[in-house]
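Let me begin by presenting the structure, written as structure tokens, before commenting on it.
In what follows, every heavy atom counts, from backbone to side chain, and hydrogens, waters and symmetry copies are set aside.
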Amino acid sequence: MHEPTTRPRATATLTRAPRLAAAPLAIALIVGLLAPAPFAAAEAGAGSPAASAAAALEPPAPGQAPGRLIVTAPDEDGLAPATAAPAHAALGAVPDVVEEALADLDAAEAGLRAASAPPEVAFEERATAGRAWASVTVGDGSETSPAAAAAVDAAASALAAEGLVVERDSVLTADRRPDDPRYDTTRGQLFGAEAVWARGTGEGTTVAILDTGVDETADLPAERILEGYDAITEATGPVPDGDPGLHGTYSAEVAAGTGDNGVAGAGGCWDCDVLPVRVFPEGGGPADGSRVADGIDHAVEAGADVINLSLGGPWIDTLLLDAIEAAAEAGVIIVASAGNEGVDAERWPAAHPDVVGVAGLESAETLFVESNYGDWVDVGAPWCSPVGDDAGIYCGTSAAAPVVAGLTASLISASGVAGPPVIDAVRDGAAPIGEPIGGRLDVAAALDLLDDTALEDDDDEEHGEGEEGDPGEGPGSSFGDVPEHSAHAEAIDRLASRGIITGFDDGTFRPFQHVSRAETASLLDRAFDVEAGEAPTAFDDVPSSSGHAEAIDRLASAEVIGGFADGSFRPFEPVTRAEAASLLDRVLGRALDLPEVTGNAFDDVPESSAHAEAINRMAATGVITGFSDGAFQPFEPVSRAEIASLLDRGLGLVP
């Protein structure tokens with residue numbers, strides 16, 4: 001893994017002891033309880049990275065530390081130590097300038113909500129590559145509370161007024177590399193897996209393994225294996241592996257084996273659920289196409305996001321064709337192995353245009369000699385992968401397909417996009433390798449493509465205000481991309497029947513898409529019929545023609561939502577889980593006597609968080625829940641499906 005390249009002053013960490021101040025300096029900020037906290041100051045839109053002496057600091061862009069400033073003197077690049085002395089002298093005044101600015105901070109004019117604790121401010125002076133610089137760090141540098149944001153803005157303005165150059169420090173995150181002893185043999189780096197895992201490891205997704213059954217293993221614990229289905233006997237329940245060679249279990253491990261747990265290798269998705277579906281007869285023998293079709297149908301009904309088929313043949317029957325096309329219409333992704341005959345003859349269902357066909361690679365640029373190939377094959381993945389905890393190896397295109405299936409599930413959780421766009425991204429992001437297939441799997445490139453698509457969709461919504469339309473069959477009907485057995489399906493249908501939520505013009509709901517600030521305002525307004533306050537608030541970036549404008553103004557005047565210090569609302573930014581909890585807490589608090597809470601419900605929500613009280617109260621009322629590991633993941637964006645469930649539970653508390 002190569003080291004990232006950055007400008008000298010954009011350092012990832014500060015390791016030396018402060019030289020400008022003996023200890024972190026605590027600055028008490030008196031902040032008035034005049035307006036609710038904004039959604040997320042840390043998730044602001046992009047702006048100019050550096051502030052000039054005449055301009056205020058831009059809101060933090062993605063990749064910038066909200067609470068850490070880098071301060072330099074102008075025109076000092078490459079200065080010799082002797083001539084750099086004036087620059088050092090100017091930077092030596094940074095603590096006094098900042099302290100005076102914070103002392104003068106007028107909380108009433110800032111219009112901020114009281115913080116639970118005043119942030120600490122620390123200073124440091126260093127020199128890097130011939131440039132002298134100082135840092136100003138508020139809290140831990142990642143704080144997004146109103147008090148911290150006010151401190152950063154005041155410090156930046158004061159320093160810029162002194163003729164110093166001020167910018168936010170950048171934030172560099174390492175791609176997630178698991179510690180499993182045989183991870184290197186999976187060549188996850190080669191396929192861009194680490195970049196995807198840094199953002200999502202399959203949370204909230206389900207991968208169906210249509211095979212010989214699935215056994216619990218050290219890398220695949222029982223709690224991640226769902227109740228399965230036996231397409232041979234039509235029975236539901238546990239589906240143990242009926243193959244002495246554990247074909248189904250190994251496929252499941254390659255797709256979904258837990259990563260970063262010190263065991264074997266790392267599967268494609270570490271936190272996805274596995275749905276075992278038996279389509280092969282116990283003890284061996286080929287699978288009937290009709291059984292596979294029945295298994296696909298069950299997997300779709302059970303809410304699978306991805307279906308792995310480590311199987312195939314030279315022919316496909318009508319029943320199986322229908323099942324594949326129905327799954328595609330439901331937004332379910334099917335991945336299938338290309339076969340092990342070393343020929344270019346089409347193999348089904350891998351050759352189907354709605355299926356991602358996978359060949360086996362011997363190296364980064366070379367097909368394994370026994371792998372099938374041709375222009376009908378979409379991507380290549382490793383021919384062999386480690387399985388079990390006893391140095392076992394699982395080989396063939398049966399092993400290559402689940403690599404793609406598992407990483408596709410992680411891609412869904414990382415991007416918030418599901419269905420056909422993900423298939424297109426996997427195909428278009430494949431790296432050409434000079435072999436007669438679509439290319440080598442590159443999920444990092446696929447993620448970039450999905451991010452670009454999301455930005456384009458946001459632009460379309462901003463200019464067209466057409467993000468929501470009739471669901472096709474009218475309110476209350478099921479959406480084509482929300483499986484009946486989804487944990488969110490009932491809430492979505494219930495809210496749709498009441499006209500609180502709607503789908504898109506193509507009849508989809510897009511459950512994995514992140515919900516924006518503007519959409520959340522409209523949903524809260526429709527769900528809870530919020531009464532406007534006495535002072536309506538208009539935001540510079542919310543035009544009156546916007547379909548969300550009235551809801552945003554109403555909720556802002558009612559002090560349910562707030563904008564940012566620069567007068568913006570940033571309507572297209574996503575809402576995090578923590579912010580959603582605070583919004584629901586404020587709305588429900590207007591209609592109910594909510595309980596006082598003590599203690600923390602979740603390990604990853606510190607008591608000092610501006611959202612902690614709301615999160616704990618909403619957890620106590622059952623509106624929000626955490627994850628099995630005791631975490632709440634407060635900074636994760638909320639999806640459209642999740643916000644539907646949150647609203648549904650909140651409405652259930654209102655008489």
Side-chain angles (χ1 to χ4, degrees), residues 206-214 225-237 239-243 245-252 254-256 274-341 345-359 372 376-378 396-402 404-406 408-409 423 483 485:
T206 297
V207 177
I209 305 294
L210 272 64
D211 216 294
T212 60
V214 175
I225 303 175
L226 302 177
E227 181 179 69
Y229 175 69
D230 191 329
I232 308 299
T233 64
E234 299 183 85
T236 57
V239 185
D241 200 332
D243 174 30
L246 300 179
H247 190 271
T249 298
Y250 289 158
S251 293
V254 172
V274 171
L275 175 69
V277 179
R278 190 200 309 279
V279 295
F280 288 97
E282 188 168 357
D288 295 331
S290 58
R291 305 297 186 187
V292 176
D294 185 39
I296 291 174
D297 188 55
H298 177 86
V300 171
E301 290 183 357
D305 301 286
V306 183
I307 296 174
N308 183 77
L309 301 175
S310 290
L311 51 82
W315 183 257
I316 188 169
D317 59 76
T318 302
L319 191 62
L320 186 49
L321 277 172
D322 288 346
I324 290 170
E325 290 169 3
E329 289 178 4
V332 179
I333 298 168
I334 299 179
V335 179
S337 53
N340 307 335
E341 292 78 34
E346 291 182 347
R347 183 175 172 88
W348 302 88
H352 193 284
D354 290 330
V355 174
V356 180
V358 184
N372 291 351
W376 53 275
V377 177
D378 296 299
T397 58
S398 279
V404 178
T408 298
I423 296 178
H485 296 288

Within the 4.5 Å heavy-atom criterion, are [X] and [Y] side-chain neighbours or not?
{"X": "Glu234", "Y": "Tyr229", "answer": "yes"}
{"X": "Val335", "Y": "Ser310", "answer": "no"}
{"X": "Thr206", "Y": "Leu226", "answer": "yes"}
{"X": "Arg347", "Y": "Val377", "answer": "no"}
{"X": "Leu320", "Y": "Trp348", "answer": "no"}
{"X": "Asn308", "Y": "Val254", "answer": "no"}
{"X": "Ile296", "Y": "Leu309", "answer": "yes"}
{"X": "Val358", "Y": "Thr397", "answer": "no"}

Side chain to side chain donor-acceptor pair (under 3.5 Å) pairs touching residues 274-292, sequence neighbours excluded, are Asp230-Arg278
Can you give me the closest heavy-atom contact between [X] and [Y], atom names plus distance?
{"X": "Val292", "Y": "Ala287", "value": "CG2-CB, 4.1 Å"}
{"X": "Val207", "Y": "Ala405", "value": "CG2-O, 4.4 Å"}
{"X": "Val277", "Y": "Gly295", "value": "CG1-CA, 3.7 Å"}
{"X": "Trp376", "Y": "Ala338", "value": "CH2-O, 3.5 Å"}

Okay, side chain of Thr212, backbone of Gly248: is any donor-acceptor separation there less than 3.5 Å?
yes
Under a 3.5 Å distance rule, please check whether Asn340 uses its side chain to pair with a backbone N or O of Gly396 as donor and acceptor.
no
Roughly how far, to the nearest 0.5 Å, is [atom2] of [Y] from [atom1] of [X]?
{"X": "Ile209", "Y": "Tyr250", "atom1": "CD1", "atom2": "OH", "result": "15.0 Å"}
{"X": "Ile423", "Y": "Asp354", "atom1": "CD1", "atom2": "CG", "result": "6.5 Å"}
{"X": "Thr408", "Y": "Ile333", "atom1": "OG1", "atom2": "CD1", "result": "6.0 Å"}

Among Ile334, Leu321, Leu311, which residue satisfies the side chain to side chain contact (heavy atoms under 4.5 Å, CB included) criterion with Pro349?
Leu311
